[in-house]
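Below, chains carry the letters A, B, ... as their sequence lines are ordered, and counting in each starts from 1. These figures come from a predicted structure and were not determined experimentally.
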Protein chains: 2
Amino acid sequence: MKQLKDISTEEKIMEAAKEVFMKYGLYGARMQDIADTAKINKALLHYYFRSKEKLFDKVFEGALSKYFEVMDVFANSELPLKKRLFQYIDNIIDFYSEYPQMSMFIIKEIGNNPELLKEKIQAAKKNKTHRLIQVLEEGMKNGEIKKTDATLFLINFQSLCSFPFLAAPMFKHSLNAHGKDWEKDFSNDKLKKSIKTFIENTLG
Amino acid sequence: MKQLKDISTEEKIMEAAKEVFMKYGLYGARMQDIADTAKINKALLHYYFRSKEKLFDKVFEGALSKYFEVMDVFANSELPLKKRLFQYIDNIIDFYSEYPQMSMFIIKEIGNNPELLKEKIQAAKKNKTHRLIQVLEEGMKNGEIKKTDATLFLINFQSLCSFPFLAAPMFKHSLNAHGKDWEKDFSNDKLKKSIKTFIENTLG
DNA sequence: GTCTATACACTGATAGAC
DNA sequence: GTCTATCAGTGTATAGAC
């Protein structure tokens with residue numbers, strides 16, 4: 001059984017590692033930077049996690065499962081399909097709001113090391129995205145929603161949910177630089193509503 | 001006046017630098033990696049561009065202006081507003097198709113160094129996004145398009161155009177892993193059409 | 001302009017005191 | 001478990017031959 005003290009330091013490291021790895025990626029991140037952020041010594045990083053790669057793996061694994069665990073709520077529900085989609089929108093937007101860099105981090109690291117990470121992704125994602133497409137196609141078959149390209153719908157759907165948080169820094173600079181106020185113009189509720197409208201228009 | 005030989009090597013470096021910087025970012029990229037990619041010696045990098053930072057600046061500047069220059073086509077045209085939007089969609093999708101990492105690169109680097117890059121972004125973007133919002137709001141005023149939140153529309157619009165290319169590696173793995181064929185299921189034309197449908201539904 | 005050799009700082013990682 | 005000191009390897013950058 002772990003002691004409270006152990007958890008504290010280990011989790012301090014994990015939190016710091018998450019922050020730094022998400023910002024700079026595997027190769028760009030510096031162990032010193034992680035240690036400073038966690039307010040501990042560099043050597044402790046190697047004491048808890050043997051190497052940079054191992055620490056990164058832990059962070060990446062955690063990010064992946066959190067990322068896809070939101071999809072469970074959607075897949076397991078017994079609500080009507082469109083209600084499930086709406087609920088999923090609420091959940092995923094709230095999730096991104098809390099972890100704005102999550103999506104970017106996963107995409108970027110997968111893009112850089114596709115082979116290395118393949119198994120992890122598949123393990124975490126199994127029965128997630130796949131099930132969503134399946135459910136969509138079933139819903140189209142039995143007439144619950146309008147017929148459309150399920151894959152393309154999924155892409156558009158994920159785009160609308162994810163990109164605003166990825167590109168927030170850019171939007172912020174761009175809008176603020178021209179007198180517009182991002183904090184005022186953008187809100188999670190507005191975004192949710194607009195994505196729901198997209199669903200209504202696309203799936204009827 | 002530059003000689004042809006000079007341009008050749010300098011551009012070889014720029015191409016290689018673009019590739020490596022986009023993949024790993026400013027801090028993750030290695031000069032050796034850039035030199036290898038350009039098939040030249042490491043010392044030559046410093047001969048043409050004095051430092052890593054200076055080389056990065058050149059790459060980032062080029063990326064930014066290319067990224068926003070696509071918007072010019074939109075802003076300067078005298079076509080009806082919706083036709084301009086449709087033309088912009090065609091252009092930006094073709095552009096991302098050629099430079100899939102461009103959007104990610106800019107977003108990521110702006111996110112990491114907001115202060116450092118502020119002026120460059122503003123210089124490159126001036127009268128671009130701003131003008132687009134302006135044009136949209138004018139179009140709503142004179143009844144050419146349906147009234148809606150211009151900022152939120154812009155976010156959704158950019159999301160639909162950019163994210164599919166950012167997340168392509170993830171989508172690819174996810175779909176291929178479950179029997180679906182990304183290369184078959186996804187095409188630029190399908191994406192263009194779906195975004196145009198979004199425009200129709202949103203702006204009437 | 002292009003290469004080799006090298007200076008010098010920084011990085012991940014380990015040893016050893018406490 | 002936590003720290004300081006330190007090593008080997010790699011990184012950016014420069015000097016100098018051709």
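Nucleotide dG1(C) holds its P atom 13 Å from the CD1 atom of Ile40(B), rounded to whole Å. If you take CD1 of Ile13(A) and P of dG12(C), they are 14 Å apart, rounded to a whole angstrom. When rounded to the nearest whole Å, the span between NZ of Lys39(B) and P of dT2(C) equals 16 Å. For the pair Leu44(A) CG and dT14(C) C1', the computed distance is 13 Å after rounding to whole Å. Rounded to an integer number of Å, the gap from CD1 of Ile34(B) to P of dA13(D) is 10 Å. Residue Glu10(B) contributes atom CD, which lies 10 Å from atom P of dT2(C) at whole-angstrom precision. Rounded to an integer number of Å, the gap from OH of Tyr48(B) to C1' of dT14(D) is 17 Å. Here dT14(C) presents its C1' atom at 18 Å from CZ of Phe49(A), a figure rounded to the nearest Å.
For the pair Glu137(B) and Lys180(A), the salt-bridge criterion is met [side-chain N within less than 4.0 Å of a carboxylate O]. The residues Lys192(B) and Asp94(B) are annotated as salt-bridged, a charged nitrogen and a carboxylate oxygen being separated by less than 4.0 angstrom. Salt bridge status for Lys58(A) with Glu61(A): absent, with no side-chain N to carboxylate O gap under 4.0 Å. Using a cut-off of 4.0 Å between Lys/Arg side-chain N and Asp/Glu carboxylate O, Lys82(A) and Glu144(A) are scored as not salt-bridged.
Checking the phosphate oxygens (OP1, OP2) of dT14(D), no side-chain nitrogen or oxygen of His46(B) falls inside 4.0 Å. Listed pair Tyr47(A) / dT14(C) fails the phosphate criterion, with no side-chain N or O lying under 4.0 Å from OP1 or OP2. In this structure, Thr9(B) reaches the dT2(C) phosphate: one of its side-chain N or O atoms is under 4.0 Å from OP1 or OP2.
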Quiz item: Which letter, B, S or -, goes with each nucleotide of nucleotides 5-11 of chain C from 5' to 3', with contact meaning a protein heavy atom under 4.0 Å?
Solution: ------S

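Qualifying salt bridge (Lys or Arg N to Asp or Glu O under 4.0 Å) partners for Lys196(A), counting only residues two or more places apart in sequence or in other chains: Asp90(A). Judged as a salt bridge (Lys or Arg N to Asp or Glu O under 4.0 Å), and not counting sequence neighbours, the contacts of Lys190(B) are Asp149(A).
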Self-check item: Worked verdict on Tyr67(B) versus Tyr96(B) for side chain to side chain donor-acceptor pair (under 3.5 Å)
Solution: CA-CA 9 Å; Tyr67(B) 186 73; Tyr96(B) 281 138; 3.1 Å; yes

